[in-house]
Colleague: 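Dropping a structure here in structure tokens format, bear with me for questions.
Naming: A, B, ... by sequence-line order, numbering from 1 per chain. None of these values were measured; they are calculated from a predicted model.
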2 protein chains.
Amino acid sequence: MARKIDPDQREQHKAAIAEAVWRLVARSGLEAVSLREVAGEAGVSVGRVQHYFGTKDALLLYGLRLAQQRMEGRIRRRIAGLVAPGAEDVLRATLAELLGDDPDTRQAVRVWTAFLGRALDDRAIAEALFADDVELRAFTTEVVGSPLDAHGLWALANGLAAEVACGQTTAADARAVVDHHLDRLLGSPDR
Amino acid sequence: MARKIDPDQREQHKAAIAEAVWRLVARSGLEAVSLREVAGEAGVSVGRVQHYFGTKDALLLYGLRLAQQRMEGRIRRRIAGLVAPGAEDVLRATLAELLGDDPDTRQAVRVWTAFLGRALDDRAIAEALFADDVELRAFTTEVVGSPLDAHGLWALANGLAAEVACGQTTAADARAVVDHHLDRLLGSPDR
DNA sequence: CCATTGTCAATACGACCGTATTGATATGCT
DNA sequence: AGCATATCAATACGGTCGTATTGACAATGG
């Protein structure tokens with residue numbers, strides 16, 4: 001046996017490559033992602049990409065999953081900044097991050113939108129894309145009272161996110177729409 | 001000068017090729033669309049496809065536009081079947097078609113979802129995809145009263161449509177969500 | 001120390017892609 | 001009649017793609 005070495009470095013290398021994928025996807029779409037392009041964007045060799053991911057599909061899947069994790073982290077950090085938040089505040093903060101102006105979030109939503117088309121025929125990607133939805137809707141149902149309203153709220157938010165990703169709506173306009181919808185569902189925020 | 005010939009046949013040939021594109025996209029995603037695959041699916045030669053469309057991008061754009069036109073026709077036909085429809089009935093019928101069980105509509109929504117990712121970096125496709133939204137939201141604003149509600153309603157509907165396209169939600173469930181939302185916006189249908 | 005194993009870089013391979021080119025055939029105007 | 005043109009089918013071309021292969025180097029456990 002030999003070579004145990006720092007597993008953190010391994011994850012850092014993989015993450016750096018995944019981030020290159022995000023930049024490419026956000027800038028030029030999924031069809032611009034080739035191993036050579038990714039390697040170039042990340043400033044590494046194709047061999048390195050192959051070594052860590054083996055296959056292109058595995059790379060894309062890892063990239064998507066990591067993007068979701070990073071997004072979850074940003075949401076958690078936003079919630080951690082609230083003082084004595086109730087469930088409604090948590091919901092509002094989550095939506096605010098999804099449609100917020102953080103560049104990483106905006107990039108992630110563009111990535112998310114790009115993968116949506118691939119989720120049509122790739123089960124693994126569809127699972128990764130929609131993995132959090134069940135939990136998210138369950139939590140939302142408790143806040144808004146009705147599962148139909150919870151489902152509708154996230155469909156609305158995701159629809160808006162796609163519009164923003166495609167440049168059809170500004171993030172600010174999308175927030176106004178979702179706020180208006182939330183006020184209807186929950187009553188005005190400070191009441 | 002010579003060779004004016006039936007322009008209908010030209011359009012029929014183009015439409016047959018576009019329909020092959022839809023089948024491929026709906027079955028295997030946009031990445032499965034190559035000129036050779038399209039020609040094979042349509043049962044024609046690659047030369048024919050090239051002759052009518054010249055370029056792959058032009059073919060995809062034509063396919064998307066024709067899909068939207070066909071969709072509009074199905075909606076119009078549904079509305080024509082209503083007796084003395086008010087504006088609210090027209091809106092409900094439009095949404096019902098988008099989330100209805102018509103196989104052509106379901107296929108079109110899958111195509112729409114596939115193109116969404118490409119709309120991130122292709123302006124022409126983005127324009128075609130979102131071309132009808134302005135008009136649709138304007139009309140909806142008159143029905144529901146508020147532009148924010150109109151925007152939200154279509155974001156919700158499109159979000160649900162994407163979920164259905166990816167197999168994450170059944171069309172029936174999506175209709176239930178949108179009906180529930182409409183009842184909240186407009187009051188129950190027969191009131 | 002040395003065998004093993006993780007980490008790559010370089011390159012080769014075969015497949016497929018979009019497009020250009022060429023040429024054949026049919027059609028309809030003059 | 002004959003010519004211009006639309007309509008293709010067939011094929012060639014150059015490029016890119018994902019992946020496999022090979023080999024070098026480094027680090028480490030025994």
Colleague: Take the protein atom CZ of B:Phe53 and the nucleotide atom P of D:dC8, then report the distance between them rounded to whole Å.
Modeller: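 So the two atoms are 11 Å apart, to the nearest Å.
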Colleague: Let's see if you get this right: which residues in residues 9-16 of chain B place a heavy atom under 4.0 Å from DNA chain C?
Modeller: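 The answer is none.
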Colleague: Would you check if the side chain of A:Arg110 reaches a backbone N or O of A:Val25 as a donor-acceptor pair within less than 3.5 Å?
Modeller: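 No: the side chain of A:Arg110 does not pair with the backbone of A:Val25.
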Colleague: For B:Arg137, check salt bridge (Lys or Arg N to Asp or Glu O under 4.0 Å) against everything at least two apart and list the hits.
Modeller: A:Glu163
Colleague: Evaluate A:Leu64 against A:Trp22 for side-chain contact (heavy atoms from CB on, under 4.5 Å), listing each step before the verdict.
Modeller: CA-CA 8 Å; A:Leu64 177 57; A:Trp22 302 343; over 6 Å; no
Colleague: Could you state the atom-to-atom distance from CG of A:Leu59 to C1' of D:dT19 in whole Å?
Modeller: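 Roughly 14 Å, once rounded to whole Å.
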Colleague: Heavy-atom distance under 4.5 Å between the side chains of A:Val178 and A:Leu99, does that happen here?
Modeller: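 Side chain of A:Val178 against side chain of A:Leu99, heavy atoms only: contact under 4.5 Å found.
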Colleague: So which of B:Arg76, B:Gln69, B:Gln68 actually passes side-chain hydrogen bond (donor to acceptor under 3.5 Å, both in side chains) with B:Glu72?
Modeller: B:Arg76
Colleague: Is any side-chain heavy atom of B:Leu60 closer than 4.5 Å to a side-chain heavy atom of B:Phe115?
Modeller: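 Yes. Closest side-chain heavy atoms under 4.5 Å.
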Colleague: Answer yes or no: is there a side-chain heavy-atom contact under 4.5 Å between A:Thr94 and A:Phe139?
Modeller: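 Of all side-chain heavy-atom pairs linking A:Phe139 with A:Thr94, none is under 4.5 Å.
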Colleague: How would you summarise protein contacts on nucleotides 16-22 of chain C per nucleotide, using B for base, S for sugar-phosphate only and - for none, with heavy-atom distances below 4.0 Å?
Modeller: -BBBB--
Colleague: Calculate the interatomic distance between A:His51 atom NE2 and C:dT5 atom C1'; express it in whole Å.
Modeller: 10 Å
Colleague: Could you check whether any side-chain N or O of B:Asp89 sits under 3.5 Å from a backbone N or O of B:Gly86, counting only pairs where one atom can act as donor and the other as acceptor?
Modeller: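 Yes, the answer is positive, given that a donor and an acceptor are paired below the 3.5 Å cut-off.
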Colleague: Could you tell me whether the side chain of A:Trp154 reaches within less than 4.5 Å of the side chain of A:Thr140, counting heavy atoms only?
Modeller: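 They are in side-chain contact.
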Colleague: Return the residues of residues 120-129 of chain B meeting this criterion: a heavy atom under 4.0 Å from some atom of DNA chain C. Order them by number, or give none.
Modeller: none
Colleague: Not counting sequence neighbours, which residues clear side chain to side chain donor-acceptor pair (under 3.5 Å) with A:Arg48? List them please.
Modeller: A:His13
Colleague: Rounding to a whole Å, what distance do you find between B:Glu31:CD and D:dC17:C1'?
Modeller: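 Answer to the nearest Å: 14 Å.
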Colleague: Atom CZ of A:Arg48 to atom P of C:dA10: distance rounded to whole Å?
Modeller: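 Atom CZ in A:Arg48 sits about 13 Å away from atom P in C:dA10.
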Colleague: Could you pull out all residues at least two apart from A:Arg36 that satisfy salt bridge (Lys or Arg N to Asp or Glu O under 4.0 Å)?
Modeller: none
